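Below is one structure, written out as structure tokens; comments come after it.
Note that the structure is predicted; figures quoted are calculated from it, not measured.
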Amino acid sequence: MSSQILTLGLPSGSLMEATLSLFAKAGFSISGSKRSYRPAIDDPELEIRLLRAQEISRYVEHGYLDAGITGRDWVAENESDVREVTELSFSKASARPTRWVLVVPEDSPVRSVRDLEGKRVATEAVGLTRRFFERAGVNVELEFSWGATEVKVPDLVDAIIDITETGSSLRDNKLRIVETLLESFPVLIANHKAFENDWKRTKLETLTLLLKGALNARDLVGLKMNLMESNLKNLLEALPALRNPTVSPLAQSGWVAVETIIEEKIVREIIPRLKALGAEGIIEYPLNKVVY
């Protein structure tokens, strides 16, 4: 493998679309992802492998991949010895972390982990679950679940350890969360030897900068406007959301251009107020990256 190529594992499955969207905002175009586990990317220094999130940390640990993006939960599940480069705060459908939770039917008498002594529990994360019950000092009969874990209670098992982002699927299946085992965001991880390579470490640091910049921009937009300079003080005092704006003189004497970044959710409230305070030519524009 060339020292000028970084081989990067990205998650297929439920996290794939959110990951590819993040890379697109960071400036990388990945194509062919629906047809191949080796999609093309418009960066000749990167090679992409699409793999199950559950597997990526093992391949990184053993050097088959230089680096990868997977959930911190799967790194913990596999007990993989890898370098965590950075946390990436995104999930399949939101900016909230996913959670591994202990779940029982709504009408179950189980109220705490200790109530499961001697009971049957199903999960996809056997390692995490085994260590959880060992720490609690509770003996259970643990079985691996191949999927659709939420449908196995109460007919097949007494409880499950399952992953959730919003909890809606659990509620739809009339299930109740007893305890949260772990909260998890995706992480960018690296093989220790690869990270010791100066070129690969620099490439990973650059990738981190761009991905974090894309995440920083996720809920923000840019605003530009023109304003009579005599109204500037009143506008800034009335709108504290306009933190550290850039103010530039215009060719027309007595007028300035104001540019700032604000949260997208307040735009609909702030634009009418800007107009009322004398702003003209107000432009809202999307952001791909914000690098602090």
Side-chain angles (χ1 to χ4, degrees), residues 6 8-31 33-34 39 41-43 46 48 50-51 53 56-57 67-75 84-100 163-169 180 182-190 203-225 239-246 258-274 282-292:
L6 185 81
L8 182 69
L10 298 183
S12 59
S14 63
L15 200 58
M16 183 177 75
E17 291 302 325
T19 303
L20 298 184
S21 176
L22 176 62
F23 269 74
K25 292 202 73 172
F28 299 95
S29 176
I30 299 175
S31 58
S33 57
K34 289 182 168 54
I41 185 169
D42 62 346
D43 183 337
L46 287 176
I48 302 299
L50 278 177
L51 299 160
I56 287 174
S57 70
I69 292 177
T70 186
R72 183 179 281 126
D73 49 352
W74 293 116
V75 179
E84 182 175 316
V85 180
T86 191
E87 180 181 83
L88 299 168
S89 56
F90 74 100
S91 296
K92 178 177 66 174
S94 72
R96 289 179 288 185
T98 55
R99 295 179 294 151
W100 284 94
I163 192 168
T164 184
E165 186 175 336
T166 65
S168 59
S169 177
T180 297
L182 175 72
E183 290 191 345
S184 174
F185 273 125
V187 287
L188 174 60
I189 57 174
K203 186 69 177 178
L204 281 166
E205 290 169 348
T206 300
L207 184 61
T208 297
L209 180 72
L210 296 173
L211 292 174
K212 297 288 275 190
L215 287 172
N216 290 338
R218 177 174 45 200
D219 300 319
L220 303 174
V221 295
L223 278 184
K224 290 182 179 180
M225 68 207 79
L239 299 172
L242 301 183
R243 295 186 298 273
N244 301 318
T246 299
V258 178
E259 186 168 3
T260 192
I261 294 172
I262 65 171
E263 293 182 64
E264 185 177 19
K265 64 184 180 181
I266 67 172
V267 168
R268 66 184 183 185
E269 299 171 3
I270 208 168
I271 285 182
R273 296 169 64 194
L274 292 169
I282 303 169
I283 299 172
E284 175 191 346
Y285 54 92
L287 302 171
N288 281 333
K289 288 179 282 296
V290 174
V291 179
Y292 294 112

Would you say the side chain of [Y] lies within less than 4.5 Å of the side chain of [X], judging by non-hydrogen atoms?
X    : Y    : result
P11  : T70  : no
E284 : I271 : yes
F23  : L10  : yes

Between atom [atom1] of [X] and atom [atom2] of [Y], what is the distance when rounded to the nearest 0.5 Å?
X    : Y    : atom1 : atom2 : answer
S89  : L215 : OG    : CG    : 5.0 Å
W74  : L15  : CH2   : CG    : 12.0 Å
R268 : I270 : CZ    : CD1   : 13.0 Å

Exercise. For the pair R96 and E165, find out whether any cationic side-chain nitrogen is under 4.0 Å from an anionic carboxylate oxygen.
Key: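 Salt bridge: no.
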Quiz prompt | Sequence neighbours excluded, every pair satisfying side-chain hydrogen bond (donor to acceptor under 3.5 Å, both in side chains) that has a member inside residues 203-216 | solution = D43-K203, E45-K203
Give the minimum heavy-atom separation between [X] and [Y], together with the two atoms involved.
X    : Y    : result
D73  : W100 : OD2-NE1, 2.7 Å
A18  : S91  : CB-O, 3.5 Å
V221 : L287 : C-CD1, 3.7 Å
L204 : A190 : CD1-CB, 3.7 Å

Quiz item: With a cut-off of 6.0 Å (strictly less than), are more than 12 heavy atoms of other residues, nucleotides or ligands near NZ of K224?
Solution: no
